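The structure appears below as structure tokens.
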Amino acid sequence: MTSTLLSTRSSYVAGRWLDNPDAKTVETRDPGRPDEVVGRYALATERETQEAIASAAAAAPAFAQTNAAERSDLVYDFLRLWADRQDDLADIATREMGKARAESYGETSRVFFEARFWAGEALRGGGQTFPSTRPNTDIRTIRQPIGPVAAITPWNFPILTPVRKVIPALVNGCPVLLKPAMQAPGTTVIVAEILHELGLPAGVFSLLLGSGRETGLLLVESPEIAGITFTGSTEVGLGIATRAAARNARTQLEMGGKNAAVVSQVEDVDRVASEIAGAAFTASGQRCTSISRVIVVPEIREALEQALARAAQKYVVGHGLEEGTTMGPVVDRASFERTQRYIAEAQSNGARVLVGGEVLDPSGESGYFVPPTILTDVAPGSPLAVDEVFAPVLAVIPVADIDQAIAVTNETQYGLTASVFADNGSVARRVAMASRSGMVHVNHGTVSEGHIPFGGVAQSGQGAYGIGATSTEFFTSLKVIYDQQP
């Protein structure tokens, strides 16, 4: 188990690593060992951020002219170097944001699948042809890169999400400026190292280490940035949307969720409980797609609650690098304390704890560990039923029937994903069609696939869906060409 302190790392701009001895620095700490400093990072100044933007703008015309084969080969070259850095990536991700190392390594592995998909997309970027009402006229569509884009990424998937934005940007011919969340930026330094080794033209990729209020704001408001692709909280995402709209910049926003699992009559209740628990407690519940509420009808309630408790008790909570750990801490003290407040408030409003609830060290001094927690008798409309807690806390909301289940499912501001478990296909279809969400999973948890469009409605998303081919709609503009022969 490593405890080596990273040297101070800096931003990567215009094909070089910045070296500013006067730069402000920040440290990251291990949420499983809060007294341990993991990394030290020099923050980009306003001047350096503007230099990165100018460099991207200068690189955009030439990079837009690179051909499909070059962009596809770039992805495969990236993956060739990626294979040698998987252990480094997994270690730093676990130490900075806390998830079990197996989960961090899983992120590095999924990069291969998603990036290979985009290597193929580079060669599938065709348009459409249309018949004309005029003689000797051909009509076709093409897609062209929109220009420099800013990619603002979260701490909860510090490996996969940055790559999920950077690779499609490059495949679609857009220079990209990556600004990671500063709770866990170490993996993006490795991404920059790999792209530097590939010898990209200066300005095609930049890494900007800095806060959202400063560096992020400069990117969002810059007239040279054609679009902003963001994953994070709804509050921040809506702020980006407002500022981007003022100058008609394009946005792709993947925001929060309060995802429900509706459970009707099922025969294999243990399988259902295992699916729900996996979706609720993976990454300590710190996923936008985490199931955080179970809406259950009376006929199956008791059996389901017992099965959920059994499933939750199988998790081994500990430091992410310790052998046998299956669930690590939450990311920081603020999250740790907020989670305790939600649990206490729910209990004061009549909810009962089925499992978990109590933390070993309420102060968090020995680590921000929250055990898998399930509360039942959570009232519809209460804070735990509608707010995104982003922690390993599952609310069981009893309802009278499927009609009420659908109403409760749709009572939050969010609309990212939902699940329905029902042996009756008609019931499952009805819930799936009535759920106000961008994605619905029938009889399984909320795990997405790396080639399928991913996104939400309401306060969970805006703009082109990400991950799959629909992401091209964000990175490119459609052009219609009328070609009449003389």
Side-chain angles (χ1 to χ4, degrees), residues 26 31 97 149-158 161-162 164-165 178-185 208 210-222 225 227-247 249-260 283-293 330-342 345 368 381-393 395 410-418 436-439 454-466 474:
V26 297
M97 67 78 56
V149 297
I152 301 176
T153 60
W155 51 263
N156 61 326
F157 280 89
T161 304
R164 183 176 279 168
K165 296 181 184 297
L178 174 61
K179 196 214 82 66
M182 291 308 295
Q183 291 96 326
L208 292 167
S211 72
R213 291 185 179 91
E214 296 176 359
T215 306
L217 187 60
L218 289 170
L219 293 172
V220 170
E221 294 189 338
S222 170
I225 299 298
I228 303 100
T229 173
F230 166 82
T231 299
S233 73
T234 294
E235 179 184 6
V236 174
L238 294 180
I240 288 173
T242 299
R243 293 179 181 276
R247 60 181 187 85
R250 188 173 297 187
T251 55
Q252 180 186 47
L253 308 177
E254 297 174 6
M255 301 183 288
K258 186 65 177 179
N259 311 301
S284 302
Q286 299 173 122
R287 301 185 302 159
C288 58
T289 56
S290 292
I291 291 176
S292 58
R293 53 196 178 120
V330 294
V331 69
D332 56 22
R333 179 177 293 279
S335 178
F336 178 75
E337 293 175 347
R338 184 177 66 251
T339 303
Q340 292 185 73
R341 289 196 298 271
Y342 269 102
E345 182 180 37
Y368 307 129
S382 64
L384 191 61
V386 298
D387 293 350
E388 185 180 38
V389 181
F390 228 57
V393 180
N410 294 332
E411 72 175 349
T412 75
Q413 65 172 319
Y414 303 105
L416 185 57
T417 188
R436 187 189 62 176
S437 60
M439 301 171 286
F454 179 101
V457 298
Q459 302 302 302
S460 287
Q462 190 248 44
Y465 276 23
F474 167 75

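Nothing here was measured: the structure is a model prediction, and the numbers come from that model.
Looking at heavy atoms from C-beta onward, Arg436 lies out of side-chain contact with Tyr414 at the 4.5 angstrom threshold. The shortest side-chain heavy-atom distance between Gln286 and Met97 falls under the 4.5 Å cut-off. Side chains of Ile228 and Ile152 form a contact here, defined as non-hydrogen atoms less than 4.5 Å apart. Using a 4.5 Å heavy-atom cutoff, the side chains of Phe454 and Met439 are in contact. The side-chain heavy atoms of Val393 and Leu384, taken from C-beta on, include a pair separated by under 4.5 Å. In this structure, the side chains of Phe230 and Val220 stay at 4.5 Å or more apart for every pair of heavy atoms. A heavy-atom distance below 4.5 Å is not found between the side chains of Ser437 and Leu416. Contact check for Trp155 versus Val331: side-chain heavy atoms found under the 4.5 Å cut-off.
In this structure a side-chain-to-backbone donor-acceptor pair under 3.5 Å is missing from Ser222 to Leu218. Between the side chain of Thr234 and the main chain of Gln459, a donor-acceptor pair closer than 3.5 Å is present. In this structure, the side chain of Glu388 engages the main chain of Gly257 through a donor-acceptor pair within 3.5 Å. Checked by atom type and distance alone, the side chain of Arg293 never pairs as donor or acceptor with a backbone atom of Val386 at under 3.5 Å. Side-chain N or O atoms of Thr339 include one that pairs as donor or acceptor with a backbone N or O of Ser335 at under 3.5 Å. Although no hydrogens or angles enter the test, the distance criterion places no donor-acceptor pair under 3.5 Å between the side chain of Glu337 and the main chain of Ala334. Panel note: side chain Lys258, backbone Glu411; no donor-acceptor pair is recorded below 3.5 Å. A distance-only check finds a donor-acceptor pair linking the side chain of Ser460 to the backbone of Gly256 [under 3.5 Å]. Distance alone, capped at 3.5 Å, is enough to place a donor-acceptor pair between the Asn259 side chain and the Cys288 backbone.
Separating the CE atom in Met255 from the OG1 atom in Thr231 is a distance of 10.0 Å, to the nearest 0.5 Å. Rounded to the nearest 0.5 Å, atoms CD (Glu254) and CD (Gln462) are 11.5 Å apart. The CZ atom of Arg333 sits 13.5 Å away from atom CZ of Arg338, with the distance rounded to the nearest 0.5 Å. With values rounded to the nearest 0.5 angstrom, Ile291 atom CD1 is found 8.0 Å from Thr417 atom OG1. The OG1 atom of Thr251 lies 8.5 Å from the CD1 atom of Ile240; values are rounded to the nearest 0.5 Å. Between atom CD of residue Gln183 and atom CG of residue Asn156 there is a gap of 9.5 Å, rounded to the nearest 0.5 Å.
Taking each heavy atom of Gly415 and Ala458 in turn, the nearest pair found is N-CB, 4.3 Å. Taking all atoms of both residues into account, the shortest heavy-atom contact from Ala385 to Gly381 is CB-N, 3.9 Å.
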Would you please test Phe157 and Arg287 for side chain to side chain contact (heavy atoms under 4.5 Å, CB included) and show each step? CA-CA 8 Å; Phe157 280 89; Arg287 301 185 302 159; 3.5 Å; yes

Checking side chain to side chain donor-acceptor pair (under 3.5 Å) for the pair Lys179/Thr215: CA distance, chi angles, key distance, verdict? CA-CA 8 Å; Lys179 196 214 82 66; Thr215 306; over 6 Å; no

Please step through side chain to side chain contact (heavy atoms under 4.5 Å, CB included) for the pair Val149 and Ile225, ending with a clear verdict. CA-CA 5 Å; Val149 297; Ile225 299 298; 5.5 Å; no

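The closest side-chain donor-acceptor pair between Tyr342 and Asp387 falls under 3.5 angstrom.
Of the charged side-chain nitrogens involved, none lies within less than 4.0 Å of a carboxylate oxygen, so that Glu345 and Arg341 do not count as a salt-bridged pair.
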